[in-house]
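Here's the structure we're looking at; comments come further down.
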Protein chains: 2
Amino acid sequence: MDIENYIPHLSIDCVIFGFHGEQLKVLLPKVKRLDTWTLPGGYVLKSEDLEEAAQRILEERTGLKDIYLEQFYTFGKAKRSTGEMMKKMLLVNDFEIDESSWIFQRFVSIGYYALVDFSKVVTKTGVYDEFCEWYDIHQLPNLAFDHAEIIQKALETLRYMLDDKLVGLNLLPETFTMKELQILYQTILDKPLRRDNFQRKILSMGILERIEKKFTGAAHKAPYLYKFIK
Amino acid sequence: MDIENYIPHLSIDCVIFGFHGEQLKVLLPKVKRLDTWTLPGGYVLKSEDLEEAAQRILEERTGLKDIYLEQFYTFGKAKRSTGEMMKKMLLVNDFEIDESSWIFQRFVSIGYYALVDFSKVVTKTGVYDEFCEWYDIHQLPNLAFDHAEIIQKALETLRYMLDDKLVGLNLLPETFTMKELQILYQTILDKPLRRDNFQRKILSMGILERIEKKFTGAAHKAPYLYKFIK
DNA sequence: ACAAAAGTGTTCCGCTTACACCCATGT
DNA sequence: ACATGGGTGTAAGCGGAACACTTTTGT
């Protein structure tokens, strides 16, 4: 990684959403030797489209290609990132520091959110990271810079777009039950939905294909499995 | 203007919307000695918030402060702006060119749209401009770079947000008739709306205050004037 | 038989749409 | 009186919300 190949003062931060155990989660790497987490992010090569850069960063963290991505906002307050935090993160890991580098100056960061199938992700730990883990959206760890704010904005956008963008297609496995889809929606919106009306609303969209019954061994009628129509 | 004070490879482009003569218009400066127009834009000072930069750029062009502004997208395809066009624009105006400057390299541009009261704007001509004029959204001149695409995206965002953001408040004068507001909505959405239902819908929002009758001298009932409630 | 959860028919309500009529004003 | 356009009453239609009933499965 030669710092000269990147556009200075510009970064991309990704909010990677996954869904597991009835919780909406985000993938966050922990900074080595600090009680601090960050958003998975990176810089943009001078020859690279923004979206390419975001895809590259995501692949580094999740091992997945062609991830569903949406740019949602660009964060550019002059004081949003302090060089102090950046230096601390590098010092504590015995990296060399060139004080004059733009790395320690002001940053503009372009926010993308990604929707991934939790079960397909193999999290990878970056060079600056101690580990990279999923966190429930309601129990986030200590976040650096304005990253908590960025997650909040990503979540708001996700909610706002929920009816337009086929969110379920990207957060759920190939097949799923109506209940799973409902819980996903409830989790994102953070409010309960009526089972009967939810079922009808989704089916009336004509985006789901009913597959077969799923026998869970539970003491009740087996639910159908559904998948999204291509 | 010392180029060193700005964040390199980053620019802000503003789509300034105004409303006049039943048309939605955008304010576009013409490049001197070329059959080319651009969006009013500029660079971001290293010490400046993005939004501050956008406000500064807007004040330079319109003379207005505290303009209604929304960031809507960041454009970052690697080939979206060619140094060739930039050089042509400077050469034709006898500016000196430093080939190595980031000015001629790749740009990431943050798009803001602004809503202004047409009647209050006193357009100002920038140093690179021949003049700065309003253009009907349906009859745009020859635009440089990807600026036509940026305007399109701004317009889509404006339409999408029309019911949430009090667009009329910013595009219309202090007082206006219901018909004027309706024509504004129709123009933005590019489709006819029913007079009776539009009136009721807007009034039911409880955002308008009825002032007095406006005697136009026309051969019909005088319409009320309205203004937005603070 | 019963409990639990899935699936669906039906009703009610509110908002949008459409059609209608009345009102104010100038010719 | 009449034409023109503003303001509003009212009914039809549509989609969402709420309720209830049926279906399927394991204990």
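Here the structure is a predicted model, which is why all the values come from computation and not from measurement. Letters A, B, ... mirror the listed sequences (proteins, then strands); counts begin at 1.
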Over 12 non-hydrogen atoms of neighbours within 6.0 angstrom of CD in E22(B): no

Covered region of DNA chain C, 5' end to 3' end, by chain A [heavy atoms, under 4.0 Å]: dA3(C) to dT10(C)

Donor-acceptor contact present, side-chain R33(B) to main-chain E130(B), <3.5 Å: no

Ring geometry between F72(B) and Y113(B) (parallel below 30°, tilted from 30 to 60°, perpendicular above 60°): tilted

Salt-bridge present (E174(B), K227(B); N to O < 4.0 Å): no

Touch class at under 4.0 angstrom, heavy-atom based, for K201(A) against every strand present: nothing

T36(A) side chain reached by M85(A) side chain, heavy atoms, under 4.5 Å: yes

Nearest-nucleotide comparison on DNA chain D, the residue closer to the 5′ end among K179(B) and K221(A): K179(B)

Output field: ring centroids F176(B)/F228(B) closer than 6.0 Å: yes

Residues, nucleotides or ligands: over 12 heavy atoms within 6.0 Å of K32(A) NZ: yes

Outermost nucleotides of DNA chain D that come under 4.0 Å of a non-hydrogen atom of chain B: dA3(D) to dT10(D)

Given DNA chain D, 5'-ward residue of the pair N197(A) and A222(A), judged by closest heavy atom: N197(A)

Six-ring centre of F75(A), R80(A) cation under 6.0 angstrom, axis tolerance 45°: no

5' precedence on DNA chain C between L203(A) and H220(A) (nearest-nucleotide basis): H220(A)

